[in-house]
Colleague: 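Mind having a look at this structure? Questions to follow.
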Protein chains: 2
Amino acid sequence: MKTNRIENLDDLFLEELGDLYNAENQLIKALPVMAQAAQSDKLKSAIEEHLEQTKNQANRLDEIFKDLGQKPQNIVCKAMQGLIEEGKEMINKSEKNPARDAAIIGSAQRVEHYEIAGYGTAKSHASLLGHKRVEELLAETLQEEKKANATLNEIAEGNINAEAKNCGCN
Amino acid sequence: MKTNRIENLDDLFLEELGDLYNAENQLIKALPVMAQAAQSDKLKSAIEEHLEQTKNQANRLDEIFKDLGQKPQNIVCKAMQGLIEEGKEMINKSEKNPARDAAIIGSAQRVEHYEIAGYGTAKSHASLLGHKRVEELLAETLQEEKKANATLNEIAEGNINAEAKNCGCN
């Protein structure tokens with residue numbers, strides 16, 4: 001049980017930023033595992049690129065905390081823990097083939113959607129609280145997450161899903 | 001560790017449906033807690049309406065499994081567990097006031113986004129596998145989840161966020 005109370009929108013906003021900060025840092029550890037498990041070079045590269053972007057997004061949150069004169073609270077993002085665990089289970093249940101790649105894409109898109117929801121809410125709260133610069137930084141990340149999700153769609157529809165259907169995988 | 005292996009798109013599709021089925025059933029238990037914790041009547045009603053919709057979505061998945069001649073695998077959706085746990089933490093950290101309502105909306109939108117990602121992927125796999133009727137059913141749920149997310153946005157922007165900012169909550 002955490003002790004920081006949420007009494008107003010300022011408290012909630014800090015909680016949200018702490019949650020996103022922890023989520024990004026969990027992802028920085030998890031993405032290399034997903035890249036390693038992927039068969040498709042295209043998918044592997046997309047995940048590796050997103051890893052660099054994720055590191056940058058974590059730095060952007062550092063900048064945001066500085067801008068607000070705050071430090072990240074000690075929050076564990078349980079949702080991201082569950083999302084990552086689920087992704088790892090998918091990898092454990094499969095071999096290196098297009099079916100696993102399709103599963104990795106599904107897991108990664110769930111992660112992107114979590115972040116789209118999280119950054120979307122935080123951006124709207126930043127706006128209401130009058131944190132203009134912070135709002136801009138959150139909007140940048142939000143756009144990147146949406147783009148990453150679209151890229152995963154393209155890769156899935158490009159050929160991986162079809163290969164997963166047709167392969168005598170294994 | 002689960003024993004069902006993912007060797008092709010059919011296996012992955014069944015895994016996804018089982019994950020969504022478990023997620024909906026977790027939500028059916030969690031939504032009344034969220035409705036109960038909300039202060040705003042509008043938010044409470046929206047969550048209660050979504051509970052009815054969620055029960056219907058679980059029934060739709062029953063229909064899908066029947067249509068496919070399959071039974072739901074025994075899958076625990078760890079991501080939904082994490083999402084719900086995070087939502088409960090938010091409630092535990094707050095009192096019944098607009099700041100809590102804003103937190104509940106944030107949690108509920110994360111849940112909706114998880115489902116949007118999950119149903120989006122499953123629908124695209126159903127299409128590729130030629131399960132036309134199943135694809136239609138998944139598309140119905142997907143539209144409902146998107147609409148539920150939009151409704152939560154409207155409620156947040158209608159007045160809850162502003163009240164959470166301005167209230168001397170507590």
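Numbered from 1 within each chain, the chains take letters A, B, ... in sequence-line order. Hydrogens, waters and symmetry mates play no part in the numbers below; they use all other heavy atoms, side chains included. Being a predicted model, the structure only gives us computed values, none of them experimental.
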Colleague: For chain B, which candidate among A:Val111, A:Asp19, A:Asp11 shows the most heavy-atom pairs at distances under 4.5 Å?
Modeller: A:Asp19
Colleague: By a 4.5 Å heavy-atom criterion (distance strictly below it), what part of B:Ser107 contacts chain A: side chain, backbone, both, or neither?
Modeller: neither
Colleague: Considering all heavy atoms of both residues, which atom of B:Lys93 and which atom of A:Asn4 are nearest to each other, and what is their separation?
Modeller: CD-O, 3.3 Å
Colleague: Tell me if the CD atom of B:Gln36 is crowded by more than 12 foreign heavy atoms within 6.0 Å.
Modeller: no
Colleague: Which of the residues A:Leu128, A:Leu83, A:Thr121, A:Ile116 is involved in the greatest number of heavy-atom pairs with chain B at under 4.5 angstrom?
Modeller: A:Leu128
Colleague: So do the side chains of A:Glu95 and B:Arg5 get within less than 4.5 Å of each other, counting heavy atoms only?
Modeller: yes
Colleague: Is B:Leu152 reachable from B:Leu31 through a run of I, L, V, M, F, W or Y residues, each pair having side-chain heavy atoms under 4.5 Å apart?
Modeller: yes
Colleague: Please find the pair of heavy atoms, one from A:Asn161 and one from B:Leu9, that lie closest to each other, and give the distance.
Modeller: O-CD2, 3.7 Å
Colleague: I need the minimum non-hydrogen distance between B:Ala79 and A:Glu86, along with the two atoms involved.
Modeller: N-OE1, 3.0 Å
Colleague: Quick one: OG on B:Ser94 to CG on A:Asn8, what's the gap to the nearest 0.5 Å?
Modeller: 11.5 Å
Colleague: Side chains of B:Ile6 and A:Arg100: closer than 4.5 Å at any heavy-atom pair?
Modeller: no
Colleague: Do A:Leu51 and A:Met34 sit in the same hydrophobic cluster, where Ile, Leu, Val, Met, Phe, Trp and Tyr count as joined when their side-chain heavy atoms come under 4.5 Å apart?
Modeller: yes
Colleague: Can you tell me which portion of B:Asp10 sits under 4.5 Å from chain A's heavy atoms? Options are side chain, backbone, both or neither.
Modeller: neither
Colleague: Minimum heavy-atom separation for B:Ala102 to A:Leu12, with atom names?
Modeller: CB-CD2, 3.6 Å
Colleague: So does A:Lys44 have more than 12 non-hydrogen atoms from other groups sitting under 6.0 Å from NZ?
Modeller: yes
Colleague: Under 4.5 Å from any heavy atom of chain A, what part of B:Gln81 do you find: side chain, backbone, both or neither?
Modeller: neither
Colleague: Let me check something: do A:Ile84 and A:Ile104 share a hydrophobic cluster, defined by ILVMFWY side-chain heavy atoms less than 4.5 Å apart, either directly or through other members?
Modeller: yes
Colleague: Linking I/L/V/M/F/W/Y whenever any side-chain heavy atoms sit under 4.5 Å apart, do A:Leu129 and B:Ile105 land together?
Modeller: no
Colleague: For B:Arg110 and A:Gly118, which heavy atoms make the closest approach, and how far apart are they?
Modeller: NH2-CA, 3.5 Å
Colleague: Between B:Met80 and B:Val76, is there shared hydrophobic-cluster membership here, with clusters defined by ILVMFWY side-chain heavy atoms closer than 4.5 Å?
Modeller: no
